[in-house]
Amino acid sequence: MAWRLLRPSFQATFLQDADLMKRAYVTTLCNGEGYLPGVEALGKSLEAHGTTVPRVVLVTADVSEETRRRLSKQGWQIRTVEPLENPNPRTVHLFERFSNVFTKLRAWEVVDLDKIVLLDADVITLQNIDDLFERPSLSAAPDFFLPDRFNSGVMVIEPSAEMFQRMVDALFETPSYDGGDQGFLNTFFSDWYAMDVSHRLPAGYNLQNFIFQFLQGHPSLQAALRREAKVIHYSVQKPWQAKASFTGGSQEWWKAYFGAHPEKASEWKRRWHAMEDWTFDHAVAAIIK
Ligand code: GLC
Ligand code: MN
């Protein structure tokens, strides 16, 4: 209960008429096709929780026709965008994955939409999050690493050509503390922490996987977790990639992914990802049971 009391109270004083508003969930596929499983799992998870809001994926030219067709069959509208290069070459050198993250800013250019819930392709939803469209721009959840900054993996934005231009103009002179879009956006919207509380999403709208895992293992937080965990974010280890962690929320990700690819679901994988005890004996038992 204490957890609930700590949440900022949120009043929908900024509600727009939902029927008149053109809105969409938007994600990006802009580092080749490496995040394709992520987009598929995200789409399934949104669908599984009953959203009727359209889904748009911004893709760069390197995404193949076959992938576009597959995503479009899964209900995604495909829009091609030009990549936006990371203006911090040193970071890209250290962290290849950050080379195209700035392409995400192109969402501000999608001006035929009034409001966007912009989601990283490495998140899944655990509940319906359509209420986010009632939030003002810019809304985001605190980042767990530095809670006075926001995490850019889940953001509510209002597209604006003028704002996009201002960002592009500022790109090369604006420091980014992490060398990615998040560091840039936190400098650009440096007043986020001091904005009205309606701009600050409860932490459950962007829970890092390791936090989810911690909460899952905490006996007295189960009810709060079920109620408040809305989005899991696999920021560091992607469940579908080689260095993935198998524990905690990875099971949730695979559930969403198997929704898109039932043919890939295998019983041992399910048991493996559901495991809480990671001693060697348990790991072996999960496979050969
Ligand atoms: C964090 C954010 C992600 C962003 C990246 C680079 O991982 O969650 O959205 O792209 O930082 O800044
Ligand atoms: Mn991410």
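Counting starts at 1 for both ligands and their atoms, following the listed order. Nothing here was measured: the structure is a model prediction, and the numbers come from that model.
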Which pairs count as ring-ring contact (aromatic ring centres under 6.0 Å, His included) when at least one residue sits in residues 23-62, sequence neighbours excluded? Y25-F133, Y35-W240

Under a 3.5 Å threshold, yes or no: a donor from one side chain and an acceptor from the other, between D143 and Q182? yes

So with a 6.0 Å cut-off around CZ of F214, is the heavy-atom count from everything else above 12? no

Give me the ring orientation class for Y257 and W253: parallel if the planes are under 30° apart, tilted from 30 to 60°, perpendicular past 60°. parallel

W192 and F189 aromatic centres sub-6.0 Å: no

T67: what forms a side-chain hydrogen bond (donor to acceptor under 3.5 Å, both in side chains) with it, not counting sequence neighbours? E33, S64

For L138 and M195 the tightest heavy-atom approach is O-SD, 4.1 Å

In terms of heavy-atom contacts, A141 and P202 come closest through CB-O, 4.0 Å

Is NZ or CZ of R200 both nearer than 6.0 Å to the six-membered ring centre of Y193 and within 45° of the ring axis? yes

Ligand 1: which residues have a non-hydrogen atom closer than 4.0 Å? F98, V101, K104, D120, N151, S152, G153, D178, G180, D181, Q182, H233, S235

For the Mn ion (ligand 2), how many protein N, O or S atoms lie at less than 2.8 Å? 4

